[in-house]
Protein chains: 2
Amino acid sequence: MKLKEFAKQLGLSPTTVSRALSGYPEVSEKTRKRVAEEAVRLGYRPNVNAVRLVTGRAGAIGVVMGRNGEFQFSEYMSGMAERLDSQDIDILVSPIAEQGGKDESQLYSRLATSGRVDAVIIHSPMPNDERIALLHRLGMPFLVHGRSETEVPHAWLDIDNEGAIRRATSHLIDLGHRRIAMINGRAGLTFSLHRDQGYRKALEQRGIPFDPRLIAHGHFTDELGFRFARSFLEQSPQPTAFVAGSMMTVLGVYRAVRSFGLVVGRDVSVIAHDDVFPYLTADNMVPSLSTTRSSLRAAGARSADLVLQLLSGKPATEIHELWSVELILRESTGPVPHSDAIPDKTG
Amino acid sequence: MKLKEFAKQLGLSPTTVSRALSGYPEVSEKTRKRVAEEAVRLGYRPNVNAVRLVTGRAGAIGVVMGRNGEFQFSEYMSGMAERLDSQDIDILVSPIAEQGGKDESQLYSRLATSGRVDAVIIHSPMPNDERIALLHRLGMPFLVHGRSETEVPHAWLDIDNEGAIRRATSHLIDLGHRRIAMINGRAGLTFSLHRDQGYRKALEQRGIPFDPRLIAHGHFTDELGFRFARSFLEQSPQPTAFVAGSMMTVLGVYRAVRSFGLVVGRDVSVIAHDDVFPYLTADNMVPSLSTTRSSLRAAGARSADLVLQLLSGKPATEIHELWSVELILRESTGPVPHSDAIPDKTG
DNA sequence: TTGAAAGCGGTACCAT
DNA sequence: ATGGTACCGCTTTCAA
């Protein structure tokens with residue numbers, strides 16, 4: 001059913017019908033109501049492609065997905081979807097090309113110039129991210145999930161990674177830990193850097209020297225969690241605590257600790273960042289896991305909001321949101337067990 | 001840059017340029033090459049919305065995401081994205097409405113009648129799935145990831161869930177297990193039913209009575225894996241083996257087994273279905289986990305292929321693909337330990 | 001308050 | 001092999 005046909009059935013002009021459906025004020029209330037009812041009854045829906053062509057709006061937000069299907073992705077997307085449910089806006093997931101390569105910028109150029117999206121959301125930015133410069137140059141509105149340090153103005157939503165890890169590390173220090181190992185995300189990404197900084201600042205505050213042998217970077221996988229944790233535990237002296245980047249990482253860390261005949265929460269403390277997944281929860285781990293927590297789903301929902309604001313004209317420079325992170329202590333963190341623990345006297 | 005303007009710069013008509021870019025045969029090779037080069041140089045890209053309007057094709061495939069961000073989602077999407085990378089086809093993730101409610105059918109109607117997608121992919125179908133009837137009625141091409149038992153003709157790609165679980169269960173029986181617990185997916189979904197059938201057939205073949213107290217259904221979460229496994233282990237006699245529906249489930253199962261002071265692979269055997277995730281692997285579990293394995297990423301890629309075939313005119317009734325599943329034995333499965341094991345003499 | 005008509009940016013039929 | 005032009009289905013001036 002097309003507009004013209006639908007209008008004819010109502011005995012109105014396409015113009016009036018279009019206006020009625022779009023909520024223009026000059027249509028009489030009576031007419032508007034009748035049109036709305038009949039549209040439902042007869043199943044009339046505007047052809048989105050015609051609307052998009054004539055209005056110049058795509059009615060879609062682009063999300064570029066990393067190559068290796070990250071487990072965090074669906075949680076974030078669910079949040080976005082939830083928020084956009086009421087709006088008539090689509091989410092476009094882009095077949096992504098190689099990491100940071102030429103292909104990737106081509107992808108963004110294509111997205112921008114072909115008019116299939118009104119805005120783009122970028123994930124896992126780097127401090128000096130090319131994509132940000134590129135999208136800015138192309139004039140495509142975008143939101144950064146995470147942050148960058150580039151001069152280029154950009155809207156962003158991020159969690160306080162530095163603060164979260166600083167508090168987590170400080171807490172471990174308070175418990176008497178001195179050799180604290182850190183299993184962080186991929187090197188070079190802003191959030192990994194922020195977490196590194198949080199870790200180092202906490203040590204610094206207490207005058208504990210930073211030991212590069214106690215820090216590792218890589219994807220958030222069970223396997224890397226295990227391998228890194230094992231290699232740390234092979235050191236002498238052993239670390240007595242771990243700060244892990246994700247729930248998946250922690251699975252590997254727990255296994256590694258057990259494989260050394262040690263007990264998490266007694267011999268070794270573990271704390272990790274939790275993005276809150278319905279299928280894997282910190283409370284249910286044994287022992288239950290102390291975490292820095294921030295809902296990724298909520299971030300997705302809020303991201304959708306912010307993009308909408310961006311599209312309705314709010315300047316990118318005014319869209320900066322930093323979320324604080326909860327620190328939730330459970331059973332996986334405890335005092336240093338051995339007599340060689342040096343109680344802290346400075347704080 | 002618009003077609004008209006671009007054509008003028010080349011000293012050609014819009015018609016010729018359009019044809020050259022779309023690879024029509026009647027354009028001279030020389031012209032085609034020049035047009036292609038200049039398009040890159042001047043950055044000309046057809047406005048997709050204009051193209052969509054005039055051709056009637058949306059250039060997008062719709063995927064409806066479940067409400068609760070399932071962890072499998074990103075893996076499947078990655079596969080699709082990988083496959084569609086070369087094509088100029090978008091993936092539209094729909095803000096999903098309630099499970100099977102009116103909202104959901106409205107969502108599909110909207111997708112179908114508004115022309116934003118050329119085809120839709122349906123997940124987690126039920127034996128008599130309303131969505132299938134609906135999409136068929138609406139004339140929207142669709143692929144079912146999984147299967148249904150409806151009369152309505154539909155294209156589908158599925159893995160052999162029944163065969164996989166039958167083999168897994170048979171293997172456990174071969175090892176001497178008689179009380180085998182099954183933690184399956186959500187009740188009512190086709191794949192859960194198929195797995196139930198595989199489980200029951202394996203028992204039947206060996207004359208082992210089916211005990212409804214040994215089967216449970218629910219979401220694939222760590223927590224449910226734990227709770228179900230514990231409640232099974234509280235029974236007397238205890239089950240000596242578990243068939244689990246997913247990698248997340250198995251995390252809970254392992255924990256539950258340990259909480260009873262039992263050892264997986266010695267006191268209790270465990271086997272699970274593995275969709276193959278980069279972040280959580282069967283090989284790395286302790287003990288390593290025996291699995292029925294099938295790549296969800298590959299399924300995503302193949303799904304994209306099949307949808308493309310569907311769109312190029314292949315009848316839905318000719319698109320039926322059933323993938324067999326690998327059975328991979330690792331350390332989590334072993335013979336029944338106790339003397340009360342009754343060796344099987346029938347097979 | 002309503003309607004007529006001019007596009008939005010392409011594609012593809014019909015000529016040449 | 002190339003060009004002129006009538007659409008695709010809708011929004012939005014402009015006029016009534």
Side-chain angles (χ1 to χ4, degrees), chain A residues 1-36 38-39 42-60 88-90 110-118 311, chain B residues 1-36 38-39 42-60 88-90 110-118 311:
Chain A
M1 164 103 50
K2 308 169 193 316
L3 173 60
K4 211 171 157 186
E5 188 185 343
F6 177 55
K8 193 168 290 173
Q9 296 214 17
L10 291 182
L12 290 168
S13 74
T15 312
T16 304
V17 172
S18 170
R19 279 198 277 239
L21 254 25
S22 306
Y24 275 55
E26 61 263 56
V27 181
S28 79
E29 197 47 52
K30 199 172 152 189
T31 307
R32 178 197 319 296
K33 206 179 152 204
R34 189 162 73 94
V35 171
E38 290 295 285
L42 298 175
Y44 169 72
R45 298 209 147 273
N47 177 311
V48 284
N49 295 318
V51 175
R52 287 169 180 178
L53 175 58
V54 70
T55 60
R57 273 176 268 120
D88 204 38
I89 297 204
D90 297 326
R110 240 185 41 199
L111 271 180
T113 58
S114 67
R116 61 189 92 205
V117 295
D118 295 316
L311 291 178
Chain B
M1 166 95 57
K2 310 172 192 312
L3 174 59
K4 212 171 157 185
E5 187 186 343
F6 177 55
K8 194 168 290 173
Q9 295 215 19
L10 290 181
L12 288 169
S13 74
T15 311
T16 303
V17 172
S18 170
R19 280 197 277 239
L21 254 24
S22 307
Y24 276 53
E26 60 261 61
V27 181
S28 80
E29 197 47 52
K30 200 171 154 189
T31 308
R32 177 196 319 294
K33 206 179 154 205
R34 190 163 73 93
V35 172
E38 290 295 286
L42 298 175
Y44 169 72
R45 298 210 148 271
N47 177 312
V48 284
N49 295 319
V51 175
R52 287 169 180 178
L53 175 59
V54 71
T55 60
R57 273 175 269 120
D88 202 40
I89 297 202
D90 298 326
R110 240 185 43 200
L111 272 180
T113 57
S114 68
R116 59 188 95 203
V117 296
D118 295 317
L311 290 178

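All values reported here derive from a predicted model rather than from experimental measurement. Here is the naming used below: chain letters follow the sequence lines, and residue numbers restart at 1 for every chain.
In this structure, B/Leu12 and B/Thr55 both approach DNA chain D, and ranking their closest nucleotides by distance from the 5' end singles out B/Leu12. Mapped onto DNA chain D by nearest heavy atom, A/Met1 and B/Pro14 fall at different nucleotides, with B/Pro14 at the one closer to the 5' end.
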Practice item. Starting from the C-alpha separation in whole Å, work towards a yes-or-no answer on side chain to side chain donor-acceptor pair (under 3.5 Å) for B/Ser28 and B/Thr31. Key: CA-CA 5 Å; B/Ser28 80; B/Thr31 308; 2.6 Å; yes
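Nucleic acid contact class of B/Phe6 (heavy atoms, under 4.0 Å, all strands): none. Using a 4.0 Å heavy-atom criterion, one finds that B/Thr15 contacts the bases of the nucleic acid, with or without backbone contacts as well. Here B/Arg52 lies out of heavy-atom contact (under 4.0 Å) with every strand. Residue contacts for B/Arg45: at a heavy-atom cut-off of 4.0 Å it reaches the sugar-phosphate backbone alone, with no base atom in range.
First and last contacting nucleotides of DNA chain D toward chain A (any atom under 4.0 angstrom from a heavy atom, 5' to 3' order): D/dG9 to D/dT13. Nucleotides of DNA chain C lying under 4.0 Å from heavy atoms of chain A occupy a range whose first and last members, 5' to 3', are C/dT1 to C/dG9.
Side chain of A/Arg45 to main chain of B/Gly115: no donor-acceptor pair is present (N/O by atom type, distance under 3.5 Å, no hydrogens or angles). With A/Asp118 contributing its side chain and A/Gly59 its backbone, the two residues share a donor-acceptor pair below 3.5 Å. Put simply, the side chain of A/Ser22 never gets that close to the backbone of A/Tyr24: no donor and acceptor are under 3.5 Å apart. Between the side chain of B/Asn49 and the backbone N or O of A/Ala58 there is no donor-acceptor pair closer than 3.5 Å.
Atom CD of residue A/Gln9 and atom CD of residue A/Glu38 lie 8.5 Å apart, to the nearest 0.5 angstrom.
B/Arg57 CZ: 12 or fewer foreign heavy atoms inside a 6.0 Å radius.
When each of A/Val51, A/Asp90, A/Val48 is tested with B/Ser114 by the rule side-chain contact (heavy atoms from CB on, under 4.5 Å), just one qualifies, namely A/Val48.
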